[in-house]
Amino acid sequence: MAKTTKKKNSGSSSTGLKGFGSVGGGSASSTSVTHVALDRSKEARAFYDFLEKGNAGDNLSRCALGFFPISKDFQLRGVTALKPIKRGDVIIRIPYELAVNLGQEGADPTLPAVELLRDYCQTMLSEGAEKEAYYRMLPAFGGEDCMGSTDFFSDEALEALQAPLIVEETLKRREKVQTRFQLDVATDDTFPTWIDGNPVTAQHLLWAVWLITSRVLTVQGNAEEGKSYRLLIPFLDMCNHDRSSSHILTGRAEPGGELKVVAGSKVKKGDAIDICYGGGMAGNDRFLQDYGFLDDGSDHKAYNMVAQQLLGKRRIVEGIGAGRFLSEPDRIKSLEELGKTSVQDDQNILQSLTEPSMKSALKYRIGIKEALVRN
């Protein structure tokens, strides 16, 4: 992320969600903005107040949280524009001081996860804690969002992926979490309890690891220092994924810095403010493991990327073996596993499934098999 210049008084109090009533009072309800219902729940209003107090209230004149209708029975919460925004203008602007800095960039997500879990528990157990409004907006432990990640798949669902390399990496990450839990949590008498007063478990730490892999951004610090840091950035981290998004992430992890989403194209009132996860380099193997969803874009790119790895046409981007081509034994093992059933077999099985992780596993292997034919 590139360095930005701090603007004086740019976070002065806004007048709430302009044109749509005050954020701070009244009953919880939804207001439609170009067919997008704004989130005016008690939790959302408290979060808006958190932004106001943190010198980021000006964002609420440009955008807010809303619910985008995906299907008849499902709405996706994300960030929506409250007014037209020109290309090159700032959409979201968060002072560095509002971000949660989880330390320097590194390969092991369990280390910052311990610190996040500690801070989360302490914050939620402390009456009136500053970050409570933000932490209440994070995906809940045991909720649908985190359960979509392979980290929380049953053994049956992992096997159903027909993806031995994903299974291997998932099991190794679980082992790392168990080891880290025993080293840094279970033996620490000062570690806070979970929010219900019961002891923290390894599953709570696994949830915190998922928050790290799915929500944390790596941001460069001071230019002279040459270090990068893992940040949880309120509001910005609520933008959903769109591979075609042209919006730009910019900023520095340093006191007085700002973390921004800048419009890479013209934004209309009511548009979703999405960003491209993984820098446009991640395929559905990463999305399913690290985020808990599948990118089903019409260009099939997220499936094609994985198929190209399996065919030896593309290097591994993240995880085990990053930067290298798959070894011949791993390619053969993966293709043989996928060859155990046909696409038609899988589609027939999918029709009979109701459990979410099993459905995701079947959709994943169907998408990969179809991509292998295309590539």
Should [X] and [Y] be regarded as members of a common hydrophobic cluster, given that ILVMFWY residues are connected when their side-chain heavy atoms come within less than 4.5 Å of each other, either directly or indirectly?
X: Phe293; Y: Met358; value: no
X: Met305; Y: Phe287; value: no
X: Leu125; Y: Leu211; value: no
X: Val200; Y: Phe152; value: yes

Taking [Y]'s backbone N and O only, do any of them form a donor-acceptor pair with [X]'s side chain (distance below 3.5 Å, no angle check)?
X: Arg87; Y: Lys266; result: no
X: Arg252; Y: Gly221; result: yes
X: His241; Y: Tyr277; result: yes
X: His247; Y: Gly264; result: yes
X: Arg62; Y: Ile92; result: no
X: Ser41; Y: Ala44; result: yes
X: Arg45; Y: Arg40; result: yes
X: Asp330; Y: Ser327; result: no

Quick one: are [X] and [Y] in side-chain contact, heavy atoms under 4.5 Å?
X: Arg180; Y: Asp108; answer: yes
X: Leu65; Y: Val79; answer: yes
X: Val267; Y: Asp89; answer: no
X: Arg286; Y: Glu169; answer: yes
X: Thr213; Y: Ser149; answer: no
X: Arg331; Y: Glu328; answer: yes

Test side-chain contact (heavy atoms from CB on, under 4.5 Å) applied to Phe235 and Phe50, Phe47, Tyr134, the passing residue: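 Testing Phe235 for a side-chain contact (heavy atoms from CB on, under 4.5 Å) against Phe50, Phe47, Tyr134 leaves exactly one candidate, Phe47.
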Taking all non-hydrogen atoms of both residues into account, name the closest pair between Leu232 and Pro234 and its distance.
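Answer, listing the atom of Leu232 first, then Pro234: O-CD, 3.5 Å.
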Any idea which heavy atoms bring Gly367 and Arg374 closest together, and the distance?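 Heavy atoms of Gly367 and Arg374 come nearest at O-NH2, 4.4 Å.
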Hydrophobic cluster (4.5 angstrom, side-chain heavy atoms) - remaining members for [X]:
X: Leu111; value: none
X: Val317; value: Met281
X: Leu326; value: Phe153, Leu158, Leu161, Leu165, Ile166, Val167, Leu171, Leu288, Leu294, Tyr303, Val306, Leu310, Leu311, Ile316, Leu335, Leu338, Tyr364, Ile368, Leu372

Angle class for the Trp207/Tyr120 ring planes (parallel below 30°, perpendicular above 60°, tilted otherwise)?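 The arrangement is perpendicular - the two ring planes meet at more than 60°.
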Review point. Does one side chain, of Thr190 or Asp188, offer a donor that lies under 3.5 Å from an acceptor on the other?
Key: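 Yes, because at least one side-chain N or O of Thr190 sits under 3.5 Å from a partner of the opposite role on Asp188.
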Q.
Would you say Asp346 and Thr341 are linked by a side-chain donor-acceptor pair, where the criterion is simply a distance under 3.5 Å?
A.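 A donor-acceptor contact under 3.5 Å links the two side chains.
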Heavy-atom count around Arg118 CZ within 6.0 Å, excluding the residue itself: above 12?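 Enclosed.
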Would you indicate whether Gln122, at its atom CD, is surrounded by more than 12 heavy atoms from other residues, nucleotides or ligands within a distance under 6.0 Å?
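Yes.
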- Item | For His204, ring-ring contact (aromatic ring centres under 6.0 Å, His included) partners two or more places apart |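 His204: ring-ring contact (aromatic ring centres under 6.0 Å, His included) contacts with Phe141, Trp194.
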Under the side-chain hydrogen bond (donor to acceptor under 3.5 Å, both in side chains) criterion, do Asp285 and Gln289 qualify, and how do the steps go?
CA-CA 6 Å; Asp285 54 344; Gln289 291 179 81; 5.2 Å; no
* Under the salt bridge (Lys or Arg N to Asp or Glu O under 4.0 Å) rule, collect the residues that match up with Asp296, sequence neighbours excluded. =>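 In terms of salt bridge (Lys or Arg N to Asp or Glu O under 4.0 Å), with neighbours along the sequence ignored, Asp296 is linked to no residue.
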_With sequence neighbours excluded, residues passing side chain to side chain donor-acceptor pair (under 3.5 Å) with Asn101_ =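 Result, side chain to side chain donor-acceptor pair (under 3.5 Å) vs Asn101: Tyr96.
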